[in-house]
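Following: one structure in structure tokens, then a few remarks.
When a ligand or atom number is given, it counts from 1 through the structure's own listing order.
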Amino acid sequence: MIEEVVERLNMIKMPGSIGIGHTRWATHGAPEMVNAHPHVDCTGRLAVVHNGVIENFMELKEELINRGHNFTSKTDTEIIAHLIEEELKGDLRLDDAILKALRVLEGSYAIAVVSLDNPKKIYCARNESPLVLGHSELGSFCASDIPAMLPYSKNVVYLRNGEFAELDEDGLSIRLVEDGSPVSREYTEINWNIEMAEKQGYPHFMLKEIYEQPVSLRNALRLQQRYLDLLTTFLDRGQDLFLIAAGTSYYACLAASYLFSKIARLTTFPAVSSEFVEQYGSSLGIDSVVLALSQSGETYDTLQAIEYARMRAATVLGVTNTVFSSLSRRARAYISQQSGPEIGVAATKTFTSQILVLLQLALRLAITRGKISQDDGDELEAKMIQVPDFVQSVLDRHGESIGALARKYLDSRLFIFLGRGISSATAMEGRLKLLELTYVPSLAYPAGESKHGPISVVEDGVPVIFLCPRGETRKSIVGSIMEMKARGARIISVCEEGDAEIISLSDDVIEMPRNIPEALSPIPYIVPLQLFAYHFAVQKGLDPDKPRNLAKSVTVP
Ligand code: AGP
């Protein structure tokens with residue numbers, strides 16, 4: 001707790017008029033004292049705090065070590081301090097040295113720098129990670145978000161990507177990182193109360209987190225290569241690969257099982273953690289690999305399952321959003337998905353990032369095993385990089401209109417979600433969102449299976465939501481739509497923009513960007529379903545952040 005730190009270090013009585021600090025969400029290096037911010041250069045004269053992920057930190061670190069710099073932490077942040085130190089060895093002023101150092105950084109950052117060489121100033125910069133600046137009679141301030149700023153200043157400036165600022169007691173000035181040219185920006189007055197501010201102006205954490213997905217997905221594309229390599233090596237060595245998780249994380253496993261099969265030609269066994277030991281326990285051995293997914297890294301069933309797997313000498317791997325969680329401590333190797341904190345009980349941004357992480361693993365494995373041609377691999381990678389933009393365009397286009405769609409179906413007493421292939425995982429996750437937030441009974445099935453039973457509940461007016469990305473499964477989904485339509489269902493389709501056939505068969509359509517490969521479709525296609533569940537809950541007068549009977553992390557049997 002920040003209050004504890006303030007008290008223990010007696011910070012109020014500390015001499016001086018400037019300071020920087022950062023509550024770290026561990027991305028590189030465990031949450032230990034040695035990795036805590038600020039980080040300093042070799043001289044100890046310059047200190048940096050940083051929120052974000054520096055992609056090229058390994059290369060930069062090696063270069064700096066070769067030039068004689070000593071590193072004390074495992075963070076990516078520390079390289080920033082040493083880079084500035086290196087630039088200062090020339091004749092540059094401190095501000096110019098910082099600007100020069102920033103120009104070689106790749107990735108996301110919001111930073112604040114202080115130096116004994118100019119003890120009255122704080123220098124800040126931003127690329128992708130948020131940073132707000134403020135000024136009042138109390139002084140000048142910078143913070144990641146408005147809640148931290150509010151007690152000190154209601155007049156704020158949102159620093160934009162590629163901007164650098166200098167703060168002192170008189171105010172602030174902004175320049176472009178690129179060429180150092182000055183930028184003029186008006187202050188905005190913030191009239192939010194603290195609760196609104198914590199949600200950054202969104203009415204609920206869930207909506208904020210849905211809208212954060214373009215950024216969290218970009219961070220998921222910036223994973224540390226050596227950990228991806230390490231996991232790929234373990235996956236490659238294993239004989240049987242089990243993908244285990246609970247709830248939403250399980251649906252990410254389900255989607256991943258299609259990805260491993262299609263991209264890496266590898267058979268995997270997705271299983272819910274609570275069933276895993278019963279279902280597969282006896283077949284586990286030294287050649288088994290168990291890849292566990294857990295946002296929190298603390299889900300009881302998942303931890304129990306990996307304990308069992310470890311006991312049978314299987315290799316346990318993890319993907320989690322919580323570095324140093326029980327899962328990351330127990331896994332032989334793990335990847336931190338870097339989605340940032342998720343407060344809403346319903347998982348949203350962590351689901352899309354989990355899939356993106358597993359997609360990268362599948363692609364790597366395919367390349368390692370020679371299961372994908374160079375052209376196909378390059379093409380998939382090029383599309384993968386566009387995923388955050390696909391999601392952004394879905395949010396731009398449907399962010400508001402899905403509210404009206406939810407209103408239209410507010411009286412429905414049953415929903416059915418159907419998809420084929422990898423979209424059956426999207427359908428199940430879409431159903432889970434609606435179910436947990438609105439308590440409206442609903443079913444989700446692979447569309448082909450719907451005729452083996454679920455179709456019996458379809459009658460006049462029952463809404464059936466179809467996931468219909470373009471690709472191998474689209475043709476058969478048309479058949480399923482016809483079957484449901486013939487029984488009076490109201491068809492809501494999530495399909496590619498301009499897909500005339502699907503549109504003509506549907507009562508309502510959510511049109512998605514063109515040219516999204518089917519393998520990538522769960523990520524953008526789940527977004528309108530997250531929004532649908534959210535708006536449905538709000539319009540029913542329910543709190544989407546706190547659904548009844550549910551906890552964010554289920555740590556009990
Ligand atoms: C999803 O919206 C739920 N809150 C829940 O199903 C969740 O995904 C499940 O409890 C697993 O949690 P984990 O990813 O932290 O292990």
Side-chain angles (χ1 to χ4, degrees), residues 25 204-210 212-213 216 220 242-256 270-276 290-307 309 316-331 334-358 417 425-440 442 444 522 526-527 529-534 536-537 542-557:
W25 178 266
H204 298 98
F205 284 110
M206 182 185 177
L207 194 61
K208 170 178 168 278
E209 285 153 10
I210 291 174
E212 275 171 0
Q213 288 177 108
S216 51
F242 300 92
L243 305 170
I244 66 159
T248 290
S249 299
Y250 168 68
Y251 295 132
C253 289
L254 196 58
V272 287
S273 309
S274 56
E275 285 298 315
F276 176 64
V290 176
L291 175 56
L293 259 69
S294 175
Q295 183 285 129
S296 60
E298 301 296 346
T299 296
Y300 178 86
D301 291 332
T302 304
L303 296 179
Q304 286 295 107
I306 63 170
E307 261 333 291
V316 171
L317 308 175
V319 173
T320 178
N321 194 32
T322 318
V323 178
F324 229 56
S325 57
S326 303
L327 171 58
S328 56
R329 285 200 307 269
R330 288 172 204 179
Y334 71 93
I335 283 182
S336 138
Q337 61 182 84
Q338 299 178 357
S339 311
E342 190 177 64
I343 312 290
V345 166
T348 50
K349 63 175 180 172
T350 52
F351 172 72
T352 46
S353 288
Q354 282 169 337
I355 298 181
L356 199 50
V357 172
L358 290 164
F417 291 75
T426 321
M428 289 180 201
E429 170 58 9
R431 194 281 298 249
L432 178 60
K433 290 290 88 88
L434 189 72
L435 192 70
E436 66 181 339
L437 298 185
T438 71
Y439 326 133
V440 175
S442 48
I526 193 62
V527 176
L529 303 187
Q530 295 169 341
L531 287 165
F532 186 78
Y534 168 80
F536 205 101
L542 301 167
D543 181 352
D545 282 342
K546 294 185 195 114
R548 71 182 182 205
N549 302 337
L550 297 178
K552 181 72 188 154
S553 165
V554 183
T555 54
V556 289

Gap separating the [atom1] atom of [X] from the [atom2] atom of [Y], nearest 0.5 angstrom:
| X | Y | atom1 | atom2 | answer |
| --- | --- | --- | --- | --- |
| Gln295 | Thr248 | CD | OG1 | 10.0 Å |
| Thr426 | Phe417 | OG1 | CZ | 11.5 Å |
| Leu293 | Gln337 | CG | CD | 7.5 Å |

For a quick test of reading the model, state the closest non-hydrogen atom pair linking Ser296 to Ser325 and the distance between them.
O-CB, 3.4 Å

Which atom pairs, nitrogen or oxygen on both sides, join ligand 1 and the protein at under 3.5 angstrom?
| from | atom 1 | to | atom 2 | distance (Å) |
| --- | --- | --- | --- | --- |
| ligand 1 | 2 (O) | Thr248 | OG1 | 3.3 |
| ligand 1 | 2 (O) | Ala347 | N | 2.8 |
| ligand 1 | 2 (O) | Lys433 | NZ | 3.0 |
| ligand 1 | 2 (O) | Glu436 | OE1 | 3.3 |
| ligand 1 | 2 (O) | Glu436 | OE2 | 2.4 |
| ligand 1 | 4 (N) | Val345 | O | 2.8 |
| ligand 1 | 6 (O) | Thr248 | N | 3.4 |
| ligand 1 | 8 (O) | Thr248 | N | 3.0 |
| ligand 1 | 12 (O) | Thr299 | OG1 | 3.4 |
| ligand 1 | 14 (O) | Ser249 | OG | 2.6 |
| ligand 1 | 14 (O) | Gln295 | N | 2.7 |
| ligand 1 | 15 (O) | Ser294 | OG | 3.4 |
| ligand 1 | 15 (O) | Gln295 | N | 3.4 |
| ligand 1 | 15 (O) | Ser296 | N | 2.8 |
| ligand 1 | 15 (O) | Ser296 | OG | 2.6 |
| ligand 1 | 16 (O) | Ser294 | OG | 2.6 |
| ligand 1 | 16 (O) | Thr299 | OG1 | 2.5 |

For Phe536, enumerate each residue passing the ring-ring contact (aromatic ring centres under 6.0 Å, His included) test, keeping only those at least two apart in sequence or located in another chain.
Phe415, Phe532

N-O pairing of Glu342 and Lys349 below 4.0 Å
no

